[in-house]
Amino acid sequence: MNKKILFFKRFPFEIGQRIHLEDGPRKGDWEVAGVDEKKVTLRCPVSGYEAHWDRFCYFVEEKQAAWPSAE
């Protein structure tokens, strides 16, 4: 019997991409500074701070928006 299933796919980051995380502890604007099979390095466009995290993002939506945001 078929059931409704949600499928997720890890996002294929590329260096130089500008991203906005909508929620969670990492929310806000970031630029992809590095990526490998296990980690992604994100840079804050305001402070320049770089964070190295396990790959965690999943693609939801792509749209035109101000970056960095005024928030």
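Because only heavy atoms are used, hydrogens play no part in the values below, and waters and symmetry mates are left out as well, while side chains stay in.
- Without hydrogens or angle criteria, R55 side chain to V35 main chain gives no donor-acceptor distance under 3.5 Å.
- A search for salt bridge (charged side-chain N to carboxylate O under 4.0 Å, His left out) contacts involving E37 returns R10, not counting sequence neighbours.
- At a threshold of 4.5 Å between non-hydrogen side-chain atoms, the residues F13 and I19 count as touching.
- By the rule that hydrophobic residues join a cluster once side-chain heavy atoms approach within less than 4.5 Å of another member, L21 and V46 end up as members of separate clusters.
- Between the CH2 atom of W30 and the CD atom of E50 there is a distance of 9.5 Å, given to the nearest 0.5 Å.
- The salt bridge (Lys or Arg N to Asp or Glu O under 4.0 Å) contacts involving residues 11-35 comprise E31-R43, where partners must be two or more places apart or lie in separate chains.
- Under the 4.5 Å side-chain criterion, counting only non-hydrogen atoms from C-beta, T41 is not in contact with V32.
- Under the 4.5 Å side-chain criterion, counting only non-hydrogen atoms from C-beta, W53 is not in contact with K38.
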